[in-house]
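Below is one structure, written out as structure tokens; the observations come after it.
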Number of protein chains: 2
Amino acid sequence: MLFSKGCTYAIRAALLVAVKETREGRKFIPIRELADELDLSFHFLTKILQVLTEAEIMESFRGPNGGIGLAREANKISLIQIISAVDGMSLFSECALGLPDCGEAKPCPLHQSWSKRREELKRMFEKTTLATLAQDFSKNSFRN
Amino acid sequence: MLFSKGCTYAIRAALLVAVKETREGRKFIPIRELADELDLSFHFLTKILQVLTEAEIMESFRGPNGGIGLAREANKISLIQIISAVDGMSLFSECALGLPDCGEAKPCPLHQSWSKRREELKRMFEKTTLATLAQDFSKNSFRN
DNA sequence: CGGTATTAAGAGTCTCTTGTCTTAATATAT
DNA sequence: ATATATTAAGACAAGAGACTCTTAATACCG
Ligand code: SF4
Ligand code: SF4
């Protein structure tokens, strides 16, 4: 799997928040509501979203009418920011084969091709924002 | 991580076998020898290589002068065959975001870009064979 | 035949990821 | 103040992946 479960959950939840914020004009969405609609464990999702608030991608508010919201506009939050916060960036720097002692200095025949594709993937996640995804994601695309 | 540990070990071991076969003209290489040179657990490597022999990518022979060897020429064994045998092909068919209910029929803005890169990656591993890699891999590139 | 080298098979262990549960902290409303 | 809604934090449990160990099967050699 390319990303951890937590990472894909984080992306789905952030996307739902983006959709709900614009569609319903609310500032904070309770995590329980997100978990219900995404059919995910509330507690697990809570923990993952704590990582996003820690990374200042989202912000949270406790108490009644509290919940979680985007820390900035949806078009300022790229997928790479979420991926980086949850899974780290090693996917985009490590080798697919995990070999040591090699790399730029002593590349195998795969190296150029691999690092190019890795870079393309990275750029794809950099330029895709929550706004990009939210624009045509209908509500029932979220459930498992 | 893109691949499981077992998968990268399988690739390294198969590559070492390819190198040793051509360089030293031996037909079977003992797994112990591979494990030592790659600094991997003998028993674990044994189990992984069993998957490759099961998949008819390698063939094994027991007893003295036994070991493991490629089941066909190194240029007939592509990385995708090894990857498919050990980790399966789900990486190349599943979505990066793991969303359901979507795909070709109802693609998100990521879909086209993602499936294109996924396809390129797959083609890269299809056309890269053990022979491709073996041609310029020096012996000390194998260790961790 | 008996000893040794080697892979095959499978049970067992350790560790990391994923998920659950409980308690604490904070905010609101009455 | 007290009750309630909500996130924060952390202990705990279940599962999967990674690794270890033991025993069996097979092949060779003397
Ligand atoms: S040279 Fe090959 S094995 Fe080494 S890091 Fe590059 S792609 Fe990976
Ligand atoms: S439409 Fe988007 S989320 Fe769905 S499978 Fe394609 S890339 Fe993944």
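Reminder, nothing fancy here: chain letters follow the sequence lines and each chain counts from 1. The basis for the numbers below is simple: all heavy atoms, side chains too, and nothing from hydrogens, waters or symmetry mates.
- For A:Lys5 and D:dG15, the NZ to P distance is 13 Å, given to the nearest whole Å.
- Between A:Leu16 atom CG and A:Glu33 atom CD the span is 8.5 Å, to the nearest 0.5 Å.
- Straight-line distance from the CZ atom of A:Phe44 to the C1' atom of D:dG10: 15 Å, rounded to whole Å.
- Taking atom CZ of A:Phe3 as the reference point, atom C1' of C:dT18 lies 18 Å away to the nearest angstrom.
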Using atom names, set out every protein N or O paired with an N or O of nucleotides 8-13 of chain C below 3.5 Å, distance rounded to 0.1 Å.
unit_1	atom_1	unit_2	atom_2	d
C:dA8	OP1	B:Ser60	OG	2.7
C:dA8	O4'	B:Arg62	NH1	3.2
C:dG10	N7	B:Lys47	NZ	3.2
C:dG10	O6	B:Lys47	NZ	3.2
C:dA11	N6	B:Lys47	NZ	2.8

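- Distance, A:Phe28 CZ to C:dT26 P: 16 Å, rounded to whole Å.
- A straight line from NZ of A:Lys27 to C1' of D:dT6 spans 17 Å, rounded to a whole angstrom.
- The phosphate of D:dA18 has neither OP1 nor OP2 within less than 4.0 Å of any side-chain N or O from B:Tyr9.
- We find the CD1-OG1 distance between B:Ile77 and B:Thr129 to be 9.0 Å, quoted to the nearest 0.5 Å.
- Residue pairs that meet the side chain to side chain donor-acceptor pair (under 3.5 Å) test with at least one member in residues 87-96 of chain A, sequence neighbours left out, are A:Ser4-A:Asp87.
- Not counting sequence neighbours, A:Gln112 has no partner by the side chain to side chain contact (heavy atoms under 4.5 Å, CB included) test.
- Straight-line distance from the CZ atom of B:Arg32 to the P atom of C:dT4: 16 Å, rounded to whole Å.
- Only one option out of A:Leu52, A:Thr46, A:Ile48 pairs with A:Gln50 in a side-chain contact (heavy atoms from CB on, under 4.5 Å); it is A:Thr46.
- The nearest whole Å value for the distance from the CG atom in A:Leu34 to the P atom in D:dA5 is 18 Å.
- A straight line from CD1 of A:Ile48 to C1' of C:dT18 spans 9 Å, rounded to a whole angstrom.
- Where A:Gly63 and B:Ile29 meet DNA chain C, the nucleotide closest to each residue was compared, and B:Ile29 sits on the side nearer the 5' end.
- For the pair A:Arg123 (side chain) and A:Arg118 (backbone), a donor-acceptor distance under 3.5 Å is absent.
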